[in-house]
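This report refers to the structure that appears directly beneath it.
Values in this document were obtained by computation on a predicted structure and should not be read as measured data. Just so you know, residue 1 is the first one in the sequence shown, and it goes up from there.
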Amino acid sequence: MLLFNPAKEYGMYPQKGTVQTGSDADITIVDMDQKWKIDKQKLHSKSKVTAYDEKEITGKPVATIVNGVTVMENGEIVEELQGKPVLVK
């Protein structure tokens with residue numbers, strides 16, 4: 001079965017799966033006009049493995065917001081948050 005709205009399928013809606021007052025929303029903002037090449041050495045992950053290394057794509061993540069806190073801007077982890085967990089409510 002193809003899930004079009006996993007939050008609804010798994011009974012987590014409206015706490016998850018929507019952007020509205022009272023819901024949890026982790027959002028990544030993507031600039032759909034930016035072209036860039038994925039570089040596994042610049043990934044912010046403990047795993048440096050990706051099938052997309054060196055692939056040129058259009059659409060670059062420019063910011064990520066977790067629980068109302070900006071954790072990534074312009075491809076870099078927000079410095080004051082490095083090494084600190086973003087608490088989940």
Side-chain angles (χ1 to χ4, degrees):
M1 171 172 67
L2 182 60
L3 298 177
F4 289 100
N5 192 330
K8 286 182 180 178
E9 294 288 334
Y10 289 102
M12 295 186 287
Y13 182 87
Q15 187 65 32
K16 304 277 186 192
T18 186
V19 179
Q20 66 183 20
T21 302
S23 295
D24 297 335
D26 301 341
I27 300 170
T28 297
I29 300 167
V30 179
D31 180 342
M32 296 305 292
D33 294 324
Q34 267 195 58
K35 295 180 189 224
W36 64 296
K37 185 186 282 189
I38 296 174
D39 179 352
K40 68 180 179 181
Q41 298 303 317
K42 294 182 180 179
L43 296 178
H44 297 290
S45 171
K46 289 182 181 180
S47 172
K48 294 296 181 186
V49 178
T50 177
Y52 303 102
D53 189 36
E54 306 256 336
K55 182 170 175 67
E56 291 188 27
I57 64 170
T58 301
K60 185 173 184 177
V62 294
T64 299
I65 303 165
V66 177
N67 291 330
V69 177
T70 301
V71 297
M72 184 274 289
E73 286 184 286
N74 300 315
E76 298 299 325
I77 302 296
V78 175
E79 189 171 326
E80 61 266 19
L81 295 175
Q82 285 197 16
K84 297 178 184 173
V86 175
L87 299 176
V88 177
K89 297 175 190 173

Quiz item: When clusters are formed by joining ILVMFWY residues with side-chain heavy atoms under 4.5 Å apart, either directly or through shared neighbours, do Val19 and Ile65 land in the same one?
Solution: yes
Quiz item: Which heavy-atom pair separates Gly17 from Ala7 by the least distance, and what is that distance?
Solution: CA-CB, 3.6 Å
Exercise. Would you indicate whether the side-chain heavy atoms of Lys55 and Thr50 approach each other to under 4.5 Å?
Key: no
Quiz item: To the nearest 0.5 Å, what is the distance between NZ (Lys16) and OG1 (Thr18)?
Solution: 12.5 Å
Self-check item: Closest approach of Met72 to Val78 (non-hydrogen atoms, all atoms of both residues)
Solution: N-CG2, 3.8 Å
Exercise. Kindly give the heavy-atom pair with the smallest separation between Lys60 and Gln34, and that separation in Å.
Key: CD-OE1, 3.1 Å
Quiz item: According to a 4.5 Å side-chain heavy-atom criterion applied to Ile, Leu, Val, Met, Phe, Trp and Tyr, with indirect links allowed, do Val71 and Ile29 form part of one hydrophobic cluster?
Solution: no
Quiz item: Between the side chain of Ser23 and the main-chain N/O of Pro14, is any donor-acceptor distance below 3.5 Å?
Solution: yes
Quiz item: If every non-hydrogen atom of Ile38 is compared with every non-hydrogen atom of Tyr52, which pair is closest and at what distance?
Solution: CB-O, 3.4 Å
Self-check item: Where Pro61 and Thr28 come nearest, the two heavy atoms and their spacing
Solution: CB-CG2, 3.8 Å
Exercise. Mark yes or no for whether Trp36, through its side chain, and Glu56, through its backbone, hold a donor-acceptor pair below 3.5 Å.
Key: no
Practice problem: Would you give the length of the straight line joining atom CD of Gln41 to atom CG of Asp53, rounded to the nearest 0.5 angstrom? | Solution: 7.5 Å
Practice problem: Return the minimal non-hydrogen interatomic distance between Lys35 and Thr58, and the atom names on each side. | Solution: CG-OG1, 3.5 Å
